[in-house]
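One structure is given here, and the rest of the page talks about it.
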Amino acid sequence: MPQTQRTLVLLKPDALQRDLLGEIVSRFERKGMKIIGMKFIRLTSQMLDEHYAHLSDKPFFAALKEFMMQTPVAGLVLEGYDAVSEVRKLVGSTNPREADAGTIRADLSMNVPSNLIHASDSPESAQTEIKRFFNEDELFAYEKITDRYHVGEGI
Ligand code: IDP
Ligand code: MG
């Protein structure tokens with residue numbers, strides 16, 4: 001059975017600089033993901049130490065942090081069936097040149113780290129990451145006419 005899940009997306013500074021925010025958000029809308037939170041976030045060094053803790057011993061860590069602080073990022077919380085894995089599927093592999101055609105990274109980018117987008121990689125990290133970047137009162141439950149096509153009965 002599909003699970004209704006929430007997942008966190010960050011549109012990175014290269015997405016903003018390259019005028020791709022609308023294109024990327026549109027892909028999630030067209031898929032049928034419900035946007036339940038959306039805002040600009042000015043990332044801090046401390047936020048990035050937590051968010052990218054799994055990369056802290058990598059040689060590119062300082063450059064990655066610097067890149068992520070160049071402009072605000074756009075944060076989204078998306079809700080839908082199997083949202084974590086469905087969104088990762090739309091995003092594609094970390095290296096845009098290895099990502100499957102049709103994914104955001106393959107279609108719109110060429111290089112790591114300029115791969116446009118972050119998306120949570122598991123339901124557990126989604127929970128942690130949503131809490132890290134959004135307050136409870138910044139998340140909105142609402143009915144959409146299109147819910148009937150995207151949730152409810154079906155397989
Ligand atoms: P993910 O974004 O696909 O989940 P992670 O391995 O969690 O990939 O890495 C987080 C981010 O760190 C990547 O999206 C990319 O921006 C950056 N990154 C990962 N590996 C490298 C690298 O080898 N060089 C530079 N940046 C990297
Ligand atoms: Mg990751």
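Start at 1 and go down the list; that is how both ligands and their atoms are numbered.
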Atoms in ligand 1 flagged as close to H54, the criterion being non-hydrogen separation under 4.0 Å: 5 (P), 7 (O)

Subset of ligand 1 atoms that lie under 4.0 Å from at least one heavy atom of P113: 16 (O), 26 (N)

Side chain, backbone, both or neither: L64 near ligand 1, heavy atoms under 4.0 Å: side chain

Contact atoms of ligand 1, heavy-atom distance to N115 under 4.0 Å: 13 (C), 14 (O), 15 (C), 16 (O)

Side-chain H-bond candidate by donor/acceptor type, T128 with S125, under 3.5 Å: no

Proximity of T94 to ligand 1 by residue part, where a heavy atom lies under 4.0 Å: both

Proximity flag Y52 to ligand 1, non-hydrogen atoms under 4.0 Å: yes

Heavy-atom nearest neighbour in the protein, as seen from atom 23 (O) of ligand 1, with distance rounded to 0.1 Å: F60 CE2, 3.3 Å

Residues D147, K34: salt bridge by 4.0 Å N-O rule: yes

Heavy-atom nearest option to atom 27 (C) of ligand 1, drawn from V112, I117, D121, D14: V112

For atom 9 (O) of ligand 1, closest protein heavy-atom neighbour: L55 CD1, 3.5 Å

Under-4.0 Å heavy-atom contact with ligand 1, by part of R88 that carries it: side chain

Within reach of ligand 1, part of K12 (heavy-atom separation under 4.0 Å): side chain

Residues, nucleotides or ligands: over 12 heavy atoms within 6.0 Å of M69 CE: yes

S45-K65 side chain donor-acceptor pair, cut-off 3.5 Å: yes

OH (Y142) with more than 12 external heavy atoms under 6.0 Å: yes

Side-chain ion pair, R27 and D107, N-O less than 4.0 Å: yes

Flag, side chain of E129 to backbone of A126, donor-acceptor distance under 3.5 Å: no

Residue part near ligand 1, for R105, under 4.0 Å between non-hydrogen atoms: side chain

Whether D82 side chain and Q3 backbone form a donor-acceptor pair below 3.5 Å: yes

